[in-house]
Undergrad: 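This is the structure I want to talk about, given as structure tokens.
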Amino acid sequence: MSTAAVSTTAPGSVTVRVPAKVNVQLAVGAARADGFHDLANVFLAVSLHDEVTATPAAELRVTCEGPDADQVPLDRTNLAARAAELLAARHGLEPAVHLHIAKRIPVAGGMAGGSADGAGALLACDTLWGLDSSREELLDICAELGSDVPFSLVGEAALGTGRGEHLTPVGAGTFHWVFAVAEGGLSTPAVFREFDRLTAGTDVPVPQADPALLAALRSGDADALAAALSNDLQAAALSLRPELAATLDAGLGAGALAALVSGSGPTTAFLVHDPEAALKVAAALEASGTCRTTRTASSPSPGATVLPR
Ligand code: C5P
């Protein structure tokens, strides 16, 4: 693994900014025949971003900078590399591109950081190669890359059904968040397997979006949203990482309106009233010693966006 820093965007390169997400509702159904789970997944994009820069190169290459860059795979398992390969293959091109990821989103944290880089690389390569693909074509490739990747492309707030890839936009007012980044990541498949283990022998309901949650999201009323937040993967994430309970308690003790595991974790999310409260809760979380670091953010945030050169 290697890292490289790019301080300015080189001529002939394209940079795309792409947001992290938090799931304000994650309702999980029983495992399907294909191993995936049907979801009612209310995604909310937050103002925590990675940037992916695509530059013409002799061959496909991925580099990464940022505090957790050493945890990012730089081989073909990186969704950014897979995105370039899939797009190139569809157009009979060679994926001759250098993809540089400026990483701010926690790695393997349940905030769709890898998915963000996939969507970012796809849009950056499409722009660099002048392909002008339709949104439908891009969304199709995103769904092939992973269940959360379509949302990284569209951003804002949306209900994801199926395995999360079928998106319907939903309205969202402004909300403020603190994220506590845990030591180490959690594997999404492992968390879903733990969900299956914990729910074995029970009647898992068909996942459905909660109307009260959608109304709270639309209204911008943080107290109403706090009362409606839910994540069916939380018990599984806590079963694999029991120490996350202390992080949730620390944030609530510091005055957060609500606390939940973000997606499959182990990042935990704290809803607060305003940016001042976010700074206070973040400082208390850092002082508690129950997390590695924190980030503050607001929502919603736009999806993958080409930055002006
Ligand atoms: O779609 P993606 O490759 O991101 O999913 C990673 C893993 O998470 C899947 O292989 C599966 O184990 C699990 N998953 C699931 N149901 C979903 C989405 C993901 O079981 N709806």
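All ligand and atom numbering here is 1-based and tracks the order in the structure.
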Undergrad: Under the side chain to side chain donor-acceptor pair (under 3.5 Å) rule, what pairs show up with a residue in residues 110-120, not counting sequence neighbours?
TA: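 For residues 110-120: K103-D117.
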Undergrad: For atom 13 (C) of ligand 1, grab the closest protein heavy atom and report residue, atom and distance to one decimal in Å.
TA: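 Result for atom 13 (C) of ligand 1: F192 CD1, 3.4 Å.
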Undergrad: Closer than 4.0 Å to some heavy atom of H37 - which atoms of ligand 1 meet that?
TA: 15 (C), 16 (N), 17 (C), 20 (O), 21 (N)
Undergrad: Could you tell me which atoms of ligand 1, counted from 1 in the order shown, lie closer than 4.0 angstrom to a heavy atom of T188?
TA: 8 (O)
Undergrad: Please walk me through it: do C291 and V181 pass side-chain contact (heavy atoms from CB on, under 4.5 Å)?
TA: CA-CA 6 Å; C291 62; V181 182; over 6 Å; no
Undergrad: In terms of ring plane angle, is the pair F43 and F151 parallel, tilted or perpendicular, where the classes change at 30° and 60°?
TA: parallel
Undergrad: Heavy atom of G35 under 4.0 Å from ligand 1?
TA: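 Checking ligand 1 against G35, which is what was asked, there is a heavy-atom contact under 4.0 Å.
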Undergrad: Should the pair W177 and F179 be assigned to parallel (<30°), tilted (30 to 60°) or perpendicular (>60°) ring geometry?
TA: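 Because their plane-to-plane angle is under 30°, the rings of W177 and F179 count as parallel.
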Undergrad: Count the heavy atoms of every other residue, nucleotide or ligand shown that sit under 6.0 Å from CZ of R295, and state whether that count exceeds 12.
TA: yes
Undergrad: In this structure, does ligand 1 have an atom that sits under 4.0 Å from one of the heavy atoms of D148?
TA: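 So D148 does not count as touching ligand 1.
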Undergrad: When you measure from atom 4 (O) of ligand 1 to every protein heavy atom, which one gives the shortest distance, and what is it?
TA: S147 N, 3.6 Å
Undergrad: Show me the donor-acceptor pairs within less than 3.5 Å that the side chains of residues 160-174 make with the rest of the protein, sequence neighbours left out.
TA:
| unit_1 | atom_1 | unit_2 | atom_2 | d |
| --- | --- | --- | --- | --- |
| R163 | NH1 | S147 | OG | 3.0 |
| R163 | NH2 | A143 | O | 2.9 |
| E165 | OE1 | R163 | N | 2.9 |

Undergrad: Among all protein non-hydrogen atoms, which one is nearest to atom 3 (O) of ligand 1, and what is the separation to 0.1 Å?
TA: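 Going atom by atom, the protein heavy atom closest to atom 3 (O) of ligand 1 ends up being G146 CA, 4.2 Å.
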Undergrad: Any idea which part of F36 is under 4.0 Å from ligand 1, heavy-atom wise: side chain, backbone, both or neither?
TA: both
Undergrad: Counting only heavy atoms not in E94 (residues, nucleotides, ligands), do more than 12 fall under 6.0 Å from its CD?
TA: no
Undergrad: List every atom of ligand 1 that sits less than 4.0 Å from any heavy atom of P189, numbering the atoms from 1 in the order shown and giving each element.
TA: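 Every atom of ligand 1 under 4.0 Å from some heavy atom of P189: 7 (C), 12 (O).
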